[in-house]
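Written below as structure tokens is the structure these notes are about.
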Amino acid sequence: MSEGLAAQRDVALGGIELPDPDTLTGPQLEGWQCALCGRRLYADQLLGTVVWACGSRPQEVELWVCRPLCREAPGGA
């Protein structure tokens with residue numbers, strides 16, 4: 001694992017490990033769907049920021065999750 005990817009694994013929200021951005025869908029990366037469960041977001045909270053490489057242009061992407069936390073999150077409802 002590269003140092004950049006290792007840094008992405010750090011988390012800000014409740015000790016939840018950030019998902020690999022390469023495994024997320026477009027709507028999850030854009031903040032329309034939960035980065036953990038994939039459901040449409042109506043009430044959300046910031047999970048953290050990852051670096052996603054689209055071709056040769058890496059960019060920082062904010063990942064958003066359900067509020068309250070979904071069942072897919074450790075300790076979620």
Side-chain angles (χ1 to χ4, degrees):
M1 182 180 314
S2 72
E3 187 174 318
L5 186 55
Q8 290 181 25
R9 296 294 179 206
D10 293 338
V11 294
L13 180 67
I16 300 170
E17 184 175 307
L18 294 171
D20 179 351
D22 290 334
T23 65
L24 301 176
T25 65
Q28 287 174 305
L29 291 167
E30 293 170 357
W32 292 102
Q33 294 178 346
C34 176
L36 299 175
C37 72
R39 291 188 198 110
R40 173 103 167 115
L41 290 172
Y42 295 100
D44 58 19
Q45 56 192 328
L46 180 63
L47 176 63
T49 304
V50 295
V51 176
W52 178 62
C54 180
S56 63
R57 299 182 63 190
Q59 57 186 333
E60 285 190 19
V61 177
E62 292 179 335
L63 298 181
W64 296 87
V65 294
C66 298
R67 178 178 294 210
L69 281 174
C70 52
R71 290 190 176 110
E72 284 72 6

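In this text, all values refer to a predicted model and were calculated from it rather than measured experimentally.
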(message) Consider side-chain contact (heavy atoms from CB on, under 4.5 Å). Of Leu18, Leu24, Thr23, which one does Asp20 pass it with?
(response)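 Single pass found, and it is Thr23.
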(request) Enter the distance from Asp44:CG to Glu62:CD here, rounded to the nearest 0.5 Å. (result)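 Asp44 CG to Glu62 CD: 10.0 Å, rounded to 0.5 Å.
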How about [X] and [Y]: do any of their side-chain heavy atoms sit closer than 4.5 Å?
X     : Y     : result
Cys37 : Arg71 : no
Leu29 : Pro21 : yes
Glu60 : Val51 : yes
Leu47 : Leu36 : yes

(message) Is it the case that the side chain of Gln45 and the backbone of Cys66 share a donor-acceptor pair, with hydrogens and angles ignored and the cut-off at 3.5 Å?
(response)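 Yes, because the side chain of Gln45 sits within donor-acceptor range (under 3.5 Å) of the backbone of Cys66.
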(request) Please check if the side chain of Gln28 supplies one atom and the backbone of Gln33 the other of a donor-acceptor pair under 3.5 Å. (result)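 No, because the side chain of Gln28 does not come within donor-acceptor range (under 3.5 Å) of the backbone of Gln33.
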(message) Just checking Arg40: does its CZ atom have more than 12 heavy atoms from other residues, nucleotides or ligands closer to it than 6.0 angstrom?
(response)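 Enclosed: over 12 neighbouring heavy atoms sit under 6.0 Å from CZ of Arg40.
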Shortest non-hydrogen separation from [X] to [Y] and the atoms involved:
X     : Y     : value
Ala35 : Leu63 : CB-CB, 3.9 Å
Pro19 : Val50 : O-CG1, 4.3 Å
Leu41 : Gly31 : CD1-O, 3.5 Å

